[in-house]
> 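I'd like to ask you about the structure that follows.
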Amino acid sequence: MYLFLKNKFVIGVSICGTVVGVAAAVKDYMQGGKFTKNVQADGKVVIITGANCGIGKETARYLANKGAHVYMACRDMVKCEEARKEIVLESKNRFVYCRECDLASFSSIRDFVKQFKSEQKRLDILINNAGVMRCPRSLTKEGIELQLGVNHMGHFLLTNLFLDTLKTSAPSRIVVVSSLAHTRGEINVKDLNSSNSYDEAAAYNQSKLANVLFTRQLAKKLEGTGVTVNALHPGVVDTELMRHMGIFNSFFSGIFVKPFVWPFLKTPIAGAQTTIMLALDPDLEKVTGKYFADCELKDVADQAKDDKVAQWLWAVSEKWTGTLTGSAAVS
C-alpha cells in the first residue's frame, strides 16, 4: 500500500510539473513580439498618459532607462509619485516627473498642457496610453460617456493642444494605444454619447475604433510637418485596466478562471513593446497613419477605413472639446 501511494504521489507530482511547464511555455509564447533594437533616447522629452501602472509605467521605465526626460501624466498623484520614485531609483534618471492630468476633465488637461509648456520648449514623443475599459456608465466633467471621454475625447484635446509644440520639435511622434477591440467597434452616429442606451463593451469598442479613426485622420492633417502618428494594439495584458471585468475579479475566478487564463495574458512589459517600438525605432521616423501589434504592421478593420465617418467624428470631437485643428491654444 505504501509503495502504491508513493507511486501515485510521484505520478501526480510529475503530471503537475508537466502542466506547469506547458503553461509556462504557453505564457512565454503569448508574450508576442519584442523590440530588440538598442536605441537611446537621451534628452528626448516624452509625455506618457496613465504612466503610473501597467504598460504605461513599463513604457516610462524603459524610456527613463534610455535617458529620456519622462513626464508621467496621471490622474492619481499618489500612485504616480510611487511609480516615479521606483523608476528614478532603478534608472538613476532624475528627469522623471509626475504631473496631474485627468483625462476626464478638459480643464485638467488644459492646466497640464499650460504647465508643461511653461517648463519645456519641445516635445519629442506624445504617448496617448491611458484608458478605461468596460466600466459602469458614468460621465466626464463635461458630461461625456467616460470610455469615449477618456479614451478618445481627452486624448483628442491633449494632442491638439500639443500640435504646435510637436511641429516645432519635428521630427516628433504621437503614439496612440488602441486595441484589437476596434474591429468589433461601430461609431454610433445617432447616439455617440450612449445617452439612449449603454452597453459597456460596445462603448469600449467604439472608443477604441475612435482611436484608430483619429490616428488615420490626424496623419493626413500632419502630412509634411515631420510629425508622425501611429496606433497600436498592445495585446491582452494583465493590468488594472481589467478591474471592471467581474470575471477577473471575483473570488471564484481567482480559483477557477485565472489559472486557465493566466498563460494567455501578456505581462505589462510585454504589452509595452509595440509602444516602445513606435516611440523609438529609427526605421519608423517617416511611417505614419498605421496600426501595429506585436511589433508588426497590421491591417485595420474596414470600419476604421471609413473616411466619411472619420471626418464626422473629427468635427464632433472638435465641437465637444472646443479645439481648432492645428491651432488649438491653451487659454
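No experiment lies behind these values; they were computed from the predicted model shown. Scope of the values below: all heavy atoms of this structure, side chains included, with no hydrogens, waters or symmetry mates. Along the sequence shown, the residues carry numbers beginning at 1.
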> So do Ser194 and Arg137 actually touch side chain to side chain, heavy atoms under 4.5 Å?
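Of all side-chain heavy-atom pairs linking Ser194 with Arg137, at least one is under 4.5 Å.
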> Considering all heavy atoms of both residues, which atom of Lys57 and which atom of Ile87 are nearest to each other, and what is their separation?
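Smallest heavy-atom distance, with atoms named: O-CD1, 3.9 Å.
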> Between Phe162 and Lys117, is there a side-chain heavy-atom distance shorter than 4.5 Å?
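Lys117 reaches Phe162 side chain to side chain.
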> Got a sec, which residues hit side-chain contact (heavy atoms from CB on, under 4.5 Å) with Lys37, two or more places apart in sequence or on another chain?
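For Lys37 the side-chain contact (heavy atoms from CB on, under 4.5 Å) partners, ignoring immediate neighbours, are Phe35, Val39, Asp281, Asp283.
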> Roughly how far apart are Lys121 NZ and Ser169 OG, rounded to 0.5 Å?
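Lys121 NZ to Ser169 OG: 11.5 Å, rounded to 0.5 Å.
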> Tell me, please, which residues at least two apart from Thr225 pass side-chain contact (heavy atoms from CB on, under 4.5 Å).
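So Thr225 forms a side-chain contact (heavy atoms from CB on, under 4.5 Å) with Lys167, Leu222, Val227.
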> Using only atom types and a distance under 3.5 Å, with no angle test, would you say the side chain of Thr288 pairs donor to acceptor with the backbone of Val229?
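Yes, Thr288 side chain to Val229 backbone: donor-acceptor pair under 3.5 Å.
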> Can you name the side-chain contact (heavy atoms from CB on, under 4.5 Å) partners of Phe95, sequence neighbours left out?
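His69, Asn93, Tyr97.
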> Roughly how far, to the nearest 0.5 Å, is CG of Leu123 from CG of Leu166?
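It comes to 4.5 Å.
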> Indicate if Leu139 and Leu146 have the same hydrophobic cluster label, given that clusters are the connected sets of ILVMFWY residues with side-chain heavy-atom separations under 4.5 angstrom.
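In one cluster with Leu139: Leu146, no.
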> What's the shortest heavy-atom distance between Met72 and Ala51, and which atoms?
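Looking at all heavy atoms of both residues, the shortest contact is CE-O, 3.1 Å.
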> Check whether any side-chain heavy atom of Thr275 sits under 4.5 Å from a side-chain heavy atom of Leu232, and report yes or no.
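Yes, their side chains come closer than 4.5 Å.
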> For residues Leu209 and Asn205, determine if any side-chain heavy atom of one lies less than 4.5 Å from a side-chain heavy atom of the other.
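When only atoms from C-beta onward are counted, Asn205 and Leu209 do not touch, as no gap falls below 4.5 Å.
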> What do the steps show when you test Asp307 against Lys220 for side chain to side chain contact (heavy atoms under 4.5 Å, CB included), and what is the final call?
CA-CA 11 Å; Asp307 289 337; Lys220 295 177 182 179; 3.0 Å; yes
> At their closest point, which heavy atom of Glu145 faces which heavy atom of Asn193, and how far apart are they?
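In this case the closest contact between Glu145 and Asn193 is N-OD1, 2.7 Å.
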> Can you tell whether the side chains of Lys44 and Asp42 come within less than 4.0 Å, N to carboxylate O?
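Answer for the salt bridge query: no.
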> Can you find a pair of side-chain heavy atoms, one from Tyr62 and one from Lys66, that are under 4.5 Å apart?
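Yes, their side chains come closer than 4.5 Å.
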> How close do Gly50 and Asn129 get, heavy atom to heavy atom, and via which atoms?
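Looking at all heavy atoms of both residues, the closest pair is O-ND2, 3.1 Å.
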> What pairs of residues pass the side-chain hydrogen bond (donor to acceptor under 3.5 Å, both in side chains) test when at least one of them lies in residues 183-192, not counting sequence neighbours?
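The answer is none; no pair qualifies.
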> Please report the C-alpha distance between Tyr204 and Ser179 in whole Å, then the side-chain angles of each, then the deciding distance to 0.1 Å, and finally whether the side chain to side chain contact (heavy atoms under 4.5 Å, CB included) criterion is met.
CA-CA 10 Å; Tyr204 177 72; Ser179 170; 3.9 Å; yes
> Looking at Asn151, Thr49, Thr159, which one forms a side-chain hydrogen bond (donor to acceptor under 3.5 Å, both in side chains) with Asn128?
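The passing option is Thr159.
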> Are Tyr71 and Phe112 an aromatic pair by the rule of ring centers under 6.0 Å?
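No: the rings miss the under 6.0 Å criterion.
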> Would you please test Asn52 and Glu82 for side-chain hydrogen bond (donor to acceptor under 3.5 Å, both in side chains) and show each step?
CA-CA 8 Å; Asn52 63 296; Glu82 290 175 354; over 6 Å; no
> Same cluster or not: are Val316 and Phe156 linked, directly or through other Ile, Leu, Val, Met, Phe, Trp or Tyr residues, by side-chain heavy atoms under 4.5 angstrom apart?
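As far as the 4.5 Å side-chain criterion goes, Phe156 and Val316 are connected within one cluster.
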> Let me check something: do Val88 and Met77 share a hydrophobic cluster, defined by ILVMFWY side-chain heavy atoms less than 4.5 Å apart, either directly or through other members?
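Not linked; separate clusters.
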> Under 4.5 Å between side-chain heavy atoms, counting indirect links through other Ile/Leu/Val/Met/Phe/Trp/Tyr residues: same cluster for Leu313 and Val189 or not?
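Same cluster: Leu313 reaches Val189 through Ile, Leu, Val, Met, Phe, Trp or Tyr contacts under 4.5 Å.
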> Checking side-chain hydrogen bond (donor to acceptor under 3.5 Å, both in side chains) between Asp294 and each of Lys266, Gln273, His233, which is the one that passes?
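Among Lys266, Gln273, His233, the one meeting side-chain hydrogen bond (donor to acceptor under 3.5 Å, both in side chains) with Asp294 is Lys266.
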> Verify the cluster assignment for Tyr198 and Val150: are they in a single hydrophobic cluster under the rule of side-chain heavy atoms below 4.5 Å apart?
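No, no single cluster joins them.
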> For the NZ atom on Lys34, are there more than 12 heavy atoms of other groups (residues, nucleotides or ligands in this structure) within a distance under 6.0 Å?
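No, because the 6.0 Å sphere around NZ of Lys34 holds 12 heavy atoms or fewer from other groups.
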> If we ignore hydrogens and angles and just use 3.5 Å, is the side chain of Gln120 paired with the main-chain N or O of Val45 as donor and acceptor?
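Such a contact is absent between Gln120 side chain and Val45 backbone.
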> Within 45° of the axis and under 6.0 Å from the centre of the six-membered ring of Trp314, does NZ or CZ of Lys221 qualify?
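Because its charged atom sits under 6.0 Å from the ring centre and within 45° of the axis, Lys221 does stack over Trp314.
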> Can you check whether Phe214 reaches Ser178 side chain to side chain, under 4.5 Å on heavy atoms?
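Phe214 does not reach Ser178 side chain to side chain.
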> Between atom CE of Met277 and atom OG1 of Thr36, what is the distance when rounded to the nearest 0.5 Å?
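Interatomic distance, Met277 CE to Thr36 OG1, rounded to 0.5 Å: 10.5 Å.
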> Are side-chain heavy atoms of Val176 and Asn230 found at a separation under 4.5 Å?
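They are not in side-chain contact.
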> Could you give the distance from CG (Leu157) to CG (Leu103), rounded to the nearest 0.5 Å?
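Those atoms lie 9.0 Å apart.
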> Compare every heavy atom of Ser207 with every heavy atom of Gln147, then report the nearest pair and how far apart it is.
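Result for this residue pair: O-CB, 3.5 Å.
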> Set out, in order, the CA-CA distance, both residues' side-chain angles and the distance that settles salt bridge (Lys or Arg N to Asp or Glu O under 4.0 Å) for Glu81 and Lys79, then state yes or no.
CA-CA 5 Å; Glu81 183 58 23; Lys79 288 185 177 180; over 6 Å; no
> Hey, could you give me the CD/CG distance between Glu100 and Asp102, rounded to the nearest 0.5 Å?
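So the gap between those two atoms works out to 7.0 Å.
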> For Val300, what are the other residues in its hydrophobic cluster, where any two members join if their side-chain heavy atoms are less than 4.5 angstrom apart?
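Via sub-4.5 Å side-chain contacts, Val300 links to Leu180, Val212, Tyr291.
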> My understanding is that only residues two or more places apart in sequence, or in another chain, count here; which of them pass salt bridge (Lys or Arg N to Asp or Glu O under 4.0 Å) with Lys305?
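Partners of Lys305 by the salt bridge (Lys or Arg N to Asp or Glu O under 4.0 Å) criterion, ordered by chain and then number, come out as Asp299.
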> For a side chain to side chain contact (heavy atoms under 4.5 Å, CB included) check, start with the C-alpha distance between Phe292 and Val287, then their side-chain angles and the critical distance, and finish with the verdict.
CA-CA 11 Å; Phe292 294 78; Val287 175; 4.1 Å; yes
> For side chain to side chain contact (heavy atoms under 4.5 Å, CB included), just list the numbers for Leu63 and Ile127, CA-CA rounded to whole Å, side-chain angles, deciding distance to a tenth of an Å, and then say yes or no.
CA-CA 12 Å; Leu63 292 173; Ile127 301 178; 4.0 Å; yes
> Grab the two heavy atoms, one from Ser105 and one from Lys141, that are nearest each other, plus how far apart they are.
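Taking Ser105 first and Lys141 second, the nearest heavy atoms are CB-CG, 3.6 Å.
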> Can you tell me how far CG of Leu158 sits from OG of Ser108, rounded to the nearest 0.5 angstrom?
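That separation rounds to 10.0 Å.
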> Any side-chain heavy-atom pair from Leu192 and Gln206 closer than 4.5 angstrom?
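Yes, at least one pair of side-chain atoms sits under 4.5 Å.
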